[in-house]
Number of protein chains: 2
Amino acid sequence: MPQPPHNRQSTSAELRATALEQFASVGFAGTSLQQIADAAGYSKSSVLYHFASKEALLDEVLTPAVNRLEAILERFLATEESALTRSRFVNDFIDFILEFRLELHTFINQSQSLRGIPVIDRAGVVIVRLSDTLCHGDASTEDRIRFGIALGGAAYTLVAGMTFLGEEIAPVEEVRPALLTVITELLAPVTVRTAPSRK
Amino acid sequence: MPQPPHNRQSTSAELRATALEQFASVGFAGTSLQQIADAAGYSKSSVLYHFASKEALLDEVLTPAVNRLEAILERFLATEESALTRSRFVNDFIDFILEFRLELHTFINQSQSLRGIPVIDRAGVVIVRLSDTLCHGDASTEDRIRFGIALGGAAYTLVAGMTFLGEEIAPVEEVRPALLTVITELLAPVTVRTAPSRK
DNA sequence: ACAAGCTCTGACCGATCGGTCAGGTACCGT
DNA sequence: ACGGTACCTGACCGATCGGTCAGAGCTTGT
(Lines give C-alpha, C1' and ligand atoms only; values in the text may rest on other atoms or scores of the structure.)
Protein backbone atom coordinates (compact mmCIF):
# COMPACT_ATOMS: atom_id res chain seq x y z
CA MET A 1 0.00 0.00 0.00
CA PRO A 2 1.63 3.22 -1.19
CA GLN A 3 2.48 5.78 1.45
CA PRO A 4 2.71 9.26 -0.07
CA PRO A 5 5.52 11.28 1.51
CA HIS A 6 3.56 13.36 3.96
CA ASN A 7 5.49 16.40 5.10
CA ARG A 8 5.77 15.58 8.79
CA GLN A 9 4.00 18.39 10.67
CA SER A 10 1.62 19.33 7.92
CA THR A 11 -0.83 16.43 8.26
CA SER A 12 -2.04 17.65 11.61
CA ALA A 13 -2.40 21.15 10.17
CA GLU A 14 -4.37 19.85 7.20
CA LEU A 15 -6.70 18.01 9.52
CA ARG A 16 -7.16 21.07 11.74
CA ALA A 17 -8.01 23.22 8.73
CA THR A 18 -10.44 20.68 7.33
CA ALA A 19 -12.08 20.16 10.70
CA LEU A 20 -12.46 23.89 11.18
CA GLU A 21 -14.31 24.27 7.89
CA GLN A 22 -16.68 21.47 8.83
CA PHE A 23 -17.24 22.69 12.38
CA ALA A 24 -18.02 26.18 11.11
CA SER A 25 -20.46 25.07 8.45
CA VAL A 26 -22.13 21.90 9.76
CA GLY A 27 -21.50 22.40 13.46
CA PHE A 28 -19.44 20.34 15.87
CA ALA A 29 -22.19 17.87 16.63
CA GLY A 30 -23.06 17.59 12.98
CA THR A 31 -19.53 16.85 11.86
CA SER A 32 -18.31 13.25 11.96
CA LEU A 33 -14.71 12.18 12.16
CA GLN A 34 -15.33 10.24 8.97
CA GLN A 35 -16.35 13.41 7.13
CA ILE A 36 -13.23 15.21 8.30
CA ALA A 37 -11.06 12.28 7.31
CA ASP A 38 -12.65 11.94 3.89
CA ALA A 39 -12.46 15.67 3.16
CA ALA A 40 -8.80 15.76 4.14
CA GLY A 41 -7.94 12.55 2.31
CA TYR A 42 -7.06 10.44 5.33
CA SER A 43 -8.72 7.66 7.25
CA LYS A 44 -10.71 8.14 10.42
CA SER A 45 -8.01 6.28 12.33
CA SER A 46 -5.47 8.84 11.20
CA VAL A 47 -7.53 11.65 12.63
CA LEU A 48 -7.63 9.84 15.96
CA TYR A 49 -3.92 9.20 15.76
CA HIS A 50 -3.18 12.93 15.60
CA PHE A 51 -5.88 13.98 18.07
CA ALA A 52 -6.92 12.10 21.16
CA SER A 53 -10.63 12.64 20.52
CA LYS A 54 -13.09 14.72 18.55
CA GLU A 55 -13.26 17.14 21.45
CA ALA A 56 -9.46 17.42 21.60
CA LEU A 57 -9.52 18.28 17.92
CA LEU A 58 -12.03 21.04 18.55
CA ASP A 59 -9.83 22.33 21.34
CA GLU A 60 -6.72 22.50 19.19
CA VAL A 61 -8.68 24.12 16.38
CA LEU A 62 -10.14 26.92 18.49
CA THR A 63 -7.39 27.59 21.03
CA PRO A 64 -5.22 29.88 18.84
CA ALA A 65 -8.21 32.12 18.18
CA VAL A 66 -9.17 32.29 21.86
CA ASN A 67 -5.59 33.07 22.81
CA ARG A 68 -5.44 35.85 20.28
CA LEU A 69 -8.71 37.35 21.46
CA GLU A 70 -7.52 37.15 25.05
CA ALA A 71 -4.31 38.94 24.11
CA ILE A 72 -6.25 41.71 22.39
CA LEU A 73 -8.42 42.19 25.45
CA GLU A 74 -5.46 42.20 27.85
CA ARG A 75 -3.66 44.74 25.71
CA PHE A 76 -6.71 46.97 25.76
CA LEU A 77 -7.14 46.60 29.51
CA ALA A 78 -3.47 47.29 30.20
CA THR A 79 -3.63 50.85 28.89
CA GLU A 80 -5.45 53.96 29.94
CA GLU A 81 -8.66 54.26 28.00
CA SER A 82 -8.49 56.96 25.38
CA ALA A 83 -9.72 57.62 21.88
CA LEU A 84 -6.42 56.31 20.59
CA THR A 85 -6.39 53.02 22.50
CA ARG A 86 -10.03 52.48 21.66
CA SER A 87 -9.44 52.95 17.98
CA ARG A 88 -6.42 50.67 18.19
CA PHE A 89 -8.58 48.10 19.90
CA VAL A 90 -11.21 48.20 17.18
CA ASN A 91 -8.47 47.75 14.61
CA ASP A 92 -7.05 44.76 16.49
CA PHE A 93 -10.54 43.36 16.77
CA ILE A 94 -11.20 43.63 13.06
CA ASP A 95 -7.87 42.02 12.26
CA PHE A 96 -8.90 39.24 14.58
CA ILE A 97 -12.27 38.80 12.92
CA LEU A 98 -10.75 38.67 9.46
CA GLU A 99 -8.02 36.23 10.45
CA PHE A 100 -10.12 33.92 12.59
CA ARG A 101 -13.54 34.26 11.02
CA LEU A 102 -14.24 30.52 10.93
CA GLU A 103 -13.15 30.03 14.53
CA LEU A 104 -15.22 33.02 15.63
CA HIS A 105 -18.26 31.74 13.76
CA THR A 106 -17.83 28.34 15.36
CA PHE A 107 -17.79 29.36 18.99
CA ILE A 108 -20.14 32.29 18.49
CA ASN A 109 -22.88 30.06 17.20
CA GLN A 110 -22.29 26.96 19.24
CA SER A 111 -21.09 28.13 22.64
CA GLN A 112 -24.49 27.36 24.12
CA SER A 113 -24.66 23.77 22.98
CA LEU A 114 -20.99 23.02 23.67
CA ARG A 115 -20.95 24.38 27.19
CA GLY A 116 -18.66 22.31 29.37
CA ILE A 117 -15.92 21.92 26.80
CA PRO A 118 -12.95 23.84 28.25
CA VAL A 119 -11.98 25.85 25.18
CA ILE A 120 -15.59 26.87 24.61
CA ASP A 121 -16.00 28.02 28.19
CA ARG A 122 -12.74 29.94 27.91
CA ALA A 123 -14.03 31.66 24.81
CA GLY A 124 -17.28 32.48 26.56
CA VAL A 125 -15.45 34.07 29.46
CA VAL A 126 -13.39 36.23 27.12
CA ILE A 127 -16.48 37.40 25.28
CA VAL A 128 -18.29 38.31 28.48
CA ARG A 129 -15.23 40.24 29.69
CA LEU A 130 -15.09 41.96 26.32
CA SER A 131 -18.72 42.92 26.59
CA ASP A 132 -18.34 44.17 30.16
CA THR A 133 -15.28 46.17 29.24
CA LEU A 134 -16.88 47.87 26.28
CA CYS A 135 -20.11 48.53 28.10
CA HIS A 136 -18.35 49.88 31.18
CA GLY A 137 -20.44 47.70 33.42
CA ASP A 138 -23.51 49.87 33.13
CA ALA A 139 -25.72 47.30 31.51
CA SER A 140 -27.64 49.51 29.15
CA THR A 141 -29.65 47.16 27.02
CA GLU A 142 -28.95 49.14 23.88
CA ASP A 143 -25.20 49.03 24.44
CA ARG A 144 -25.30 45.30 25.00
CA ILE A 145 -27.28 44.88 21.83
CA ARG A 146 -24.83 47.03 19.92
CA PHE A 147 -21.97 44.83 21.00
CA GLY A 148 -23.86 41.63 20.34
CA ILE A 149 -24.91 42.72 16.88
CA ALA A 150 -21.37 43.77 16.00
CA LEU A 151 -19.96 40.46 17.19
CA GLY A 152 -22.57 38.09 15.85
CA GLY A 153 -23.15 40.14 12.72
CA ALA A 154 -19.50 40.17 11.77
CA ALA A 155 -19.16 36.46 12.37
CA TYR A 156 -22.21 35.74 10.27
CA THR A 157 -21.45 38.12 7.44
CA LEU A 158 -17.89 36.92 6.91
CA VAL A 159 -18.80 33.24 6.88
CA ALA A 160 -22.35 32.58 5.81
CA GLY A 161 -23.31 35.98 4.49
CA MET A 162 -20.54 36.63 2.02
CA THR A 163 -21.09 33.39 0.20
CA PHE A 164 -24.77 33.76 -0.44
CA LEU A 165 -25.49 37.45 -0.10
CA GLY A 166 -22.56 38.72 -2.11
CA GLU A 167 -22.19 35.76 -4.42
CA GLU A 168 -18.42 35.72 -4.30
CA ILE A 169 -16.32 36.78 -1.37
CA ALA A 170 -15.22 40.35 -1.91
CA PRO A 171 -11.48 40.97 -1.66
CA VAL A 172 -10.17 41.59 1.84
CA GLU A 173 -8.84 45.02 0.96
CA GLU A 174 -12.41 45.99 0.14
CA VAL A 175 -14.06 44.27 3.08
CA ARG A 176 -11.75 45.59 5.74
CA PRO A 177 -12.49 49.33 5.46
CA ALA A 178 -16.20 48.65 5.16
CA LEU A 179 -16.07 46.49 8.26
CA LEU A 180 -14.08 49.15 10.07
CA THR A 181 -16.67 51.78 9.29
CA VAL A 182 -19.65 49.71 10.35
CA ILE A 183 -18.10 48.22 13.48
CA THR A 184 -16.74 51.57 14.62
CA GLU A 185 -20.16 53.09 14.09
CA LEU A 186 -21.78 50.30 16.09
CA LEU A 187 -19.33 50.42 18.95
CA ALA A 188 -18.77 54.17 19.02
CA PRO A 189 -21.61 55.12 21.36
CA VAL A 190 -20.72 52.21 23.58
CA THR A 191 -17.08 52.99 24.06
CA VAL A 192 -16.94 56.73 23.57
CA ARG A 193 -19.95 57.78 25.59
CA THR A 194 -18.75 61.39 24.95
CA ALA A 195 -18.17 62.84 28.37
CA PRO A 196 -19.96 62.30 31.59
CA SER A 197 -20.49 58.65 32.32
CA ARG A 198 -18.40 56.70 34.80
CA LYS A 199 -14.68 55.90 34.89
CA MET B 1 -50.11 1.93 30.49
CA PRO B 2 -52.07 5.12 31.17
CA GLN B 3 -52.72 7.35 28.23
CA PRO B 4 -53.10 10.95 29.41
CA PRO B 5 -55.80 12.78 27.45
CA HIS B 6 -53.62 14.67 25.01
CA ASN B 7 -55.44 17.65 23.62
CA ARG B 8 -55.53 16.50 20.00
CA GLN B 9 -53.74 19.22 18.05
CA SER B 10 -51.35 20.22 20.80
CA THR B 11 -48.97 17.28 20.66
CA SER B 12 -47.75 18.20 17.23
CA ALA B 13 -47.32 21.80 18.40
CA GLU B 14 -45.35 20.68 21.45
CA LEU B 15 -43.06 18.66 19.27
CA ARG B 16 -42.54 21.53 16.85
CA ALA B 17 -41.66 23.90 19.68
CA THR B 18 -39.27 21.43 21.27
CA ALA B 19 -37.64 20.63 17.95
CA LEU B 20 -37.20 24.32 17.18
CA GLU B 21 -35.34 24.90 20.44
CA GLN B 22 -33.03 22.00 19.72
CA PHE B 23 -32.45 22.95 16.09
CA ALA B 24 -31.59 26.49 17.07
CA SER B 25 -29.17 25.56 19.83
CA VAL B 26 -27.56 22.28 18.76
CA GLY B 27 -28.20 22.51 15.04
CA PHE B 28 -30.29 20.32 12.77
CA ALA B 29 -27.57 17.74 12.22
CA GLY B 30 -26.70 17.74 15.91
CA THR B 31 -30.25 17.12 17.06
CA SER B 32 -31.52 13.54 17.20
CA LEU B 33 -35.14 12.52 17.08
CA GLN B 34 -34.55 10.81 20.41
CA GLN B 35 -33.49 14.10 22.01
CA ILE B 36 -36.58 15.85 20.71
CA ALA B 37 -38.80 13.03 21.91
CA ASP B 38 -37.20 12.92 25.35
CA ALA B 39 -37.35 16.69 25.79
CA ALA B 40 -41.01 16.75 24.81
CA GLY B 41 -41.92 13.70 26.88
CA TYR B 42 -42.82 11.39 24.02
CA SER B 43 -41.22 8.46 22.30
CA LYS B 44 -39.20 8.67 19.13
CA SER B 45 -41.93 6.73 17.35
CA SER B 46 -44.43 9.40 18.28
CA VAL B 47 -42.33 12.07 16.64
CA LEU B 48 -42.26 10.02 13.46
CA TYR B 49 -45.98 9.45 13.71
CA HIS B 50 -46.65 13.20 13.59
CA PHE B 51 -43.95 14.03 11.04
CA ALA B 52 -42.94 11.91 8.09
CA SER B 53 -39.25 12.45 8.69
CA LYS B 54 -36.73 14.62 10.50
CA GLU B 55 -36.53 16.83 7.44
CA ALA B 56 -40.32 17.17 7.26
CA LEU B 57 -40.24 18.27 10.89
CA LEU B 58 -37.69 20.96 10.05
CA ASP B 59 -39.87 22.08 7.17
CA GLU B 60 -42.97 22.44 9.31
CA VAL B 61 -40.99 24.24 11.98
CA LEU B 62 -39.48 26.85 9.66
CA THR B 63 -42.22 27.38 7.09
CA PRO B 64 -44.34 29.86 9.09
CA ALA B 65 -41.31 32.11 9.58
CA VAL B 66 -40.36 31.99 5.91
CA ASN B 67 -43.92 32.75 4.89
CA ARG B 68 -44.03 35.72 7.21
CA LEU B 69 -40.72 37.07 5.93
CA GLU B 70 -41.93 36.63 2.36
CA ALA B 71 -45.10 38.54 3.18
CA ILE B 72 -43.10 41.39 4.69
CA LEU B 73 -40.92 41.61 1.60
CA GLU B 74 -43.89 41.52 -0.77
CA ARG B 75 -45.65 44.23 1.16
CA PHE B 76 -42.56 46.41 0.96
CA LEU B 77 -42.13 45.76 -2.77
CA ALA B 78 -45.81 46.46 -3.48
CA THR B 79 -45.57 50.11 -2.44
CA GLU B 80 -43.66 53.09 -3.71
CA GLU B 81 -40.45 53.48 -1.78
CA SER B 82 -40.54 56.38 0.62
CA ALA B 83 -39.32 57.25 4.07
CA LEU B 84 -42.64 56.11 5.43
CA THR B 85 -42.72 52.70 3.77
CA ARG B 86 -39.08 52.13 4.66
CA SER B 87 -39.69 52.86 8.28
CA ARG B 88 -42.76 50.63 8.23
CA PHE B 89 -40.65 47.91 6.70
CA VAL B 90 -38.03 48.16 9.43
CA ASN B 91 -40.78 47.93 12.00
CA ASP B 92 -42.24 44.85 10.35
CA PHE B 93 -38.78 43.37 10.16
CA ILE B 94 -38.11 43.89 13.85
CA ASP B 95 -41.47 42.42 14.76
CA PHE B 96 -40.50 39.44 12.65
CA ILE B 97 -37.12 39.07 14.33
CA LEU B 98 -38.65 39.22 17.80
CA GLU B 99 -41.42 36.76 17.00
CA PHE B 100 -39.37 34.27 15.03
CA ARG B 101 -35.95 34.66 16.58
CA LEU B 102 -35.31 30.92 16.94
CA GLU B 103 -36.43 30.20 13.38
CA LEU B 104 -34.30 33.05 12.06
CA HIS B 105 -31.29 31.87 14.03
CA THR B 106 -31.77 28.37 12.68
CA PHE B 107 -31.79 29.11 8.99
CA ILE B 108 -29.39 32.03 9.25
CA ASN B 109 -26.69 29.85 10.73
CA GLN B 110 -27.35 26.61 8.92
CA SER B 111 -28.51 27.56 5.46
CA GLN B 112 -25.14 26.64 4.04
CA SER B 113 -25.02 23.13 5.44
CA LEU B 114 -28.70 22.41 4.79
CA ARG B 115 -28.73 23.52 1.18
CA GLY B 116 -31.06 21.33 -0.83
CA ILE B 117 -33.80 21.18 1.76
CA PRO B 118 -36.73 23.03 0.17
CA VAL B 119 -37.67 25.27 3.08
CA ILE B 120 -34.03 26.28 3.57
CA ASP B 121 -33.62 27.15 -0.08
CA ARG B 122 -36.84 29.13 0.05
CA ALA B 123 -35.52 31.08 3.01
CA GLY B 124 -32.25 31.70 1.19
CA VAL B 125 -34.07 33.11 -1.81
CA VAL B 126 -36.08 35.48 0.37
CA ILE B 127 -32.97 36.73 2.11
CA VAL B 128 -31.15 37.37 -1.14
CA ARG B 129 -34.17 39.26 -2.49
CA LEU B 130 -34.29 41.22 0.75
CA SER B 131 -30.64 42.11 0.42
CA ASP B 132 -31.00 43.12 -3.22
CA THR B 133 -34.03 45.22 -2.45
CA LEU B 134 -32.39 47.11 0.37
CA CYS B 135 -29.16 47.62 -1.52
CA HIS B 136 -30.95 48.80 -4.67
CA GLY B 137 -28.93 46.38 -6.75
CA ASP B 138 -25.78 48.49 -6.64
CA ALA B 139 -23.58 46.01 -4.86
CA SER B 140 -21.59 48.33 -2.64
CA THR B 141 -19.61 46.11 -0.32
CA GLU B 142 -20.28 48.32 2.68
CA ASP B 143 -24.03 48.24 2.11
CA ARG B 144 -24.00 44.47 1.81
CA ILE B 145 -22.01 44.24 5.02
CA ARG B 146 -24.43 46.56 6.77
CA PHE B 147 -27.34 44.35 5.85
CA GLY B 148 -25.48 41.16 6.74
CA ILE B 149 -24.44 42.49 10.12
CA ALA B 150 -27.94 43.66 10.90
CA LEU B 151 -29.42 40.31 9.95
CA GLY B 152 -26.83 37.97 11.47
CA GLY B 153 -26.24 40.23 14.44
CA ALA B 154 -29.89 40.40 15.39
CA ALA B 155 -30.30 36.65 15.06
CA TYR B 156 -27.26 36.01 17.20
CA THR B 157 -27.97 38.62 19.85
CA LEU B 158 -31.53 37.54 20.48
CA VAL B 159 -30.70 33.85 20.79
CA ALA B 160 -27.15 33.20 21.89
CA GLY B 161 -26.14 36.67 22.95
CA MET B 162 -28.89 37.55 25.38
CA THR B 163 -28.41 34.46 27.45
CA PHE B 164 -24.72 34.78 28.05
CA LEU B 165 -23.92 38.41 27.41
CA GLY B 166 -26.82 39.88 29.29
CA GLU B 167 -27.28 37.12 31.86
CA GLU B 168 -31.03 37.16 31.77
CA ILE B 169 -33.08 38.02 28.75
CA ALA B 170 -34.15 41.60 29.00
CA PRO B 171 -37.88 42.24 28.71
CA VAL B 172 -39.16 42.66 25.18
CA GLU B 173 -40.42 46.15 25.82
CA GLU B 174 -36.83 47.14 26.57
CA VAL B 175 -35.24 45.19 23.75
CA ARG B 176 -37.53 46.36 21.00
CA PRO B 177 -36.72 50.10 21.01
CA ALA B 178 -33.02 49.38 21.38
CA LEU B 179 -33.18 47.00 18.45
CA LEU B 180 -35.14 49.56 16.44
CA THR B 181 -32.49 52.21 17.03
CA VAL B 182 -29.57 50.01 16.13
CA ILE B 183 -31.13 48.32 13.10
CA THR B 184 -32.44 51.60 11.74
CA GLU B 185 -29.00 53.09 12.16
CA LEU B 186 -27.41 50.15 10.37
CA LEU B 187 -29.86 50.15 7.50
CA ALA B 188 -30.30 53.91 7.21
CA PRO B 189 -27.36 54.61 4.91
CA VAL B 190 -28.40 51.66 2.81
CA THR B 191 -31.98 52.65 2.28
CA VAL B 192 -32.03 56.38 2.83
CA ARG B 193 -28.71 57.16 1.31
CA THR B 194 -28.88 60.71 2.63
CA ALA B 195 -28.64 60.71 6.40
CA PRO B 196 -25.15 62.09 7.00
CA SER B 197 -24.45 61.35 10.65
CA ARG B 198 -25.80 60.17 13.92
CA LYS B 199 -27.21 62.23 16.70
C1' DA C 1 21.46 -5.47 8.27
C1' DC C 2 18.51 -4.70 11.88
C1' DA C 3 15.76 -2.64 15.49
C1' DA C 4 13.25 1.43 16.91
C1' DG C 5 9.91 4.69 15.97
C1' DC C 6 6.66 7.55 13.45
C1' DT C 7 2.67 7.63 10.42
C1' DC C 8 -1.15 5.60 8.69
C1' DT C 9 -4.72 2.06 8.08
C1' DG C 10 -8.54 -1.78 8.24
C1' DA C 11 -11.06 -4.48 11.28
C1' DC C 12 -13.67 -4.23 14.99
C1' DC C 13 -16.50 -2.56 19.31
C1' DG C 14 -20.79 -0.91 21.73
C1' DA C 15 -23.87 2.87 21.22
C1' DT C 16 -26.81 5.64 18.69
C1' DC C 17 -28.57 7.33 14.32
C1' DG C 18 -33.13 7.91 11.19
C1' DG C 19 -36.78 5.13 10.01
C1' DT C 20 -40.31 0.89 9.74
C1' DC C 21 -43.75 -1.96 11.62
C1' DA C 22 -47.07 -4.45 14.37
C1' DG C 23 -49.75 -3.84 18.03
C1' DG C 24 -51.89 -1.69 22.23
C1' DT C 25 -55.12 1.75 24.23
C1' DA C 26 -58.72 5.20 24.25
C1' DC C 27 -62.42 7.35 22.13
C1' DC C 28 -65.83 7.71 18.38
C1' DG C 29 -70.36 6.91 15.72
C1' DT C 30 -73.47 3.31 15.08
C1' DA D 1 -71.71 -4.01 22.02
C1' DC D 2 -68.95 -3.31 18.16
C1' DG D 3 -65.76 -1.68 14.34
C1' DG D 4 -63.05 2.28 12.99
C1' DT D 5 -59.84 5.60 13.78
C1' DA D 6 -56.44 8.50 16.06
C1' DC D 7 -52.53 8.39 19.06
C1' DC D 8 -48.73 6.35 21.02
C1' DT D 9 -45.25 2.84 21.89
C1' DG D 10 -41.50 -1.06 22.00
C1' DA D 11 -39.01 -3.99 19.13
C1' DC D 12 -36.37 -4.01 15.46
C1' DC D 13 -33.52 -2.67 11.03
C1' DG D 14 -29.19 -1.29 8.47
C1' DA D 15 -26.06 2.49 8.73
C1' DT D 16 -23.10 5.35 11.07
C1' DC D 17 -21.31 7.30 15.32
C1' DG D 18 -16.76 8.01 18.40
C1' DG D 19 -13.16 5.26 19.73
C1' DT D 20 -9.64 0.99 20.31
C1' DC D 21 -6.16 -1.94 18.64
C1' DA D 22 -2.95 -4.69 16.12
C1' DG D 23 -0.26 -4.31 12.71
C1' DA D 24 1.90 -2.46 7.79
C1' DG D 25 5.03 0.71 5.44
C1' DC D 26 8.56 4.05 5.69
C1' DT D 27 12.49 6.46 7.78
C1' DT D 28 16.23 6.68 10.76
C1' DG D 29 20.18 5.42 14.06
C1' DT D 30 23.51 2.14 14.78
Side-chain angles (χ1 to χ4, degrees), chain A residues 1-23 25-62 106 110 113-114 116-120, chain B residues 1-23 25-62 106 110 113-114 116-120:
Chain A
M1 195 144 288
Q3 209 91 343
H6 286 303
N7 336 1
R8 358 213 130 282
Q9 156 78 335
S10 76
T11 298
S12 153
E14 280 179 57
L15 290 174
R16 275 196 300 271
T18 305
L20 176 57
E21 288 170 26
Q22 302 281 329
F23 290 159
S25 76
V26 199
F28 177 74
T31 302
S32 72
L33 294 176
Q34 192 72 66
Q35 287 173 35
I36 298 170
D38 290 347
Y42 292 91
S43 74
K44 190 177 69 169
S45 301
S46 272
V47 179
L48 286 161
Y49 166 76
H50 288 282
F51 308 94
S53 68
K54 191 183 174 187
E55 194 175 305
L57 174 53
L58 178 72
D59 187 291
E60 289 207 29
V61 159
L62 293 187
T106 299
Q110 306 187 54
S113 66
L114 301 181
I117 297 180
V119 69
I120 296 289
Chain B
M1 193 144 288
Q3 211 91 343
H6 287 300
N7 336 1
R8 347 219 133 280
Q9 156 76 336
S10 77
T11 298
S12 154
E14 281 179 58
L15 290 174
R16 274 196 301 269
T18 306
L20 176 56
E21 289 170 24
Q22 302 281 331
F23 290 159
S25 76
V26 199
F28 178 73
T31 302
S32 71
L33 295 175
Q34 191 72 68
Q35 286 173 35
I36 298 170
D38 290 347
Y42 293 90
S43 74
K44 190 177 70 169
S45 300
S46 272
V47 179
L48 286 161
Y49 167 77
H50 288 280
F51 307 94
S53 68
K54 192 183 173 186
E55 194 175 306
L57 174 52
L58 178 73
D59 187 292
E60 288 207 26
V61 160
L62 293 188
T106 299
Q110 304 186 53
S113 66
L114 301 181
I117 297 179
V119 69
I120 296 289

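The sequence lines fix the lettering, A, B, ..., with proteins before strands; numbering per chain opens at 1. These figures come from a predicted structure and were not determined experimentally.
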Legend entry - Shortest non-hydrogen contact between A:Ala29 and A:Gln110, atoms and distance: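 Of all heavy-atom pairs spanning A:Ala29 and A:Gln110, the closest is N-OE1, 4.5 Å.
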Legend entry - B:Ser10 side-chain N/O to B:Ala13 backbone N/O, donor-acceptor pair under 3.5 Å: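 It does not hold such a pair.
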Inset, instruction - Please answer whether the main-chain N or O of B:Ser25 pairs with a side-chain N or O of A:Ser113 as donor and acceptor at a distance below 3.5 Å. - result: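 Judged by distance alone, yes, a pair lies under 3.5 Å.
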When you check the phosphate oxygens OP1 and OP2 of [N], does a side-chain N or O of [X] lie under 4.0 Å from one of them?
X: A:Ser43; N: C:dC8; answer: no
X: B:Ser32; N: C:dT16; answer: no
X: B:His50; N: D:dA6; answer: no

Legend entry - Side chains of A:Val119 and A:Leu114 in contact at under 4.5 Å (non-hydrogen atoms):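 SC-SC contact between A:Val119 and A:Leu114 ruled out.
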Legend entry - Set of residues satisfying salt bridge (charged side-chain N to carboxylate O under 4.0 Å, His left out) with respect to B:Glu21, sequence neighbours excluded: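 Expected list: none.
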Using whole Å, report how far [atom1] of [X] lies from [atom2] of [N].
X: B:Gln35; N: C:dA15; atom1: CD; atom2: P; answer: 18 Å
X: A:Ile36; N: D:dT16; atom1: CD1; atom2: P; answer: 17 Å
X: B:Tyr49; N: D:dC8; atom1: OH; atom2: P; answer: 7 Å
X: B:Gln34; N: D:dC17; atom1: CD; atom2: C1'; answer: 15 Å

Inset, instruction - Scan A:Ser46 against the nucleic acid and name what it touches under 4.0 Å (heavy atoms): base, sugar-phosphate only, or nothing. - result: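 A:Ser46: base contact, heavy atoms under 4.0 Å.
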Could you list, one pair per line, each protein nitrogen or oxygen that sits under 3.5 Å from a nitrogen or oxygen of nucleotides 19-22 of chain D, together with the distance?
from, atom 1, to, atom 2, distance (Å)
D:dG19, OP2, A:Lys54, N, 2.8
D:dG19, O6, A:Lys44, NZ, 2.8

Inset, instruction - Sorted by first residue and then second, give each salt bridge (charged side-chain N to carboxylate O under 4.0 Å, His left out) pair with at least one member in residues 30-56 of chain A; sequence neighbours left out. - result: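 Qualifying pairs: none.
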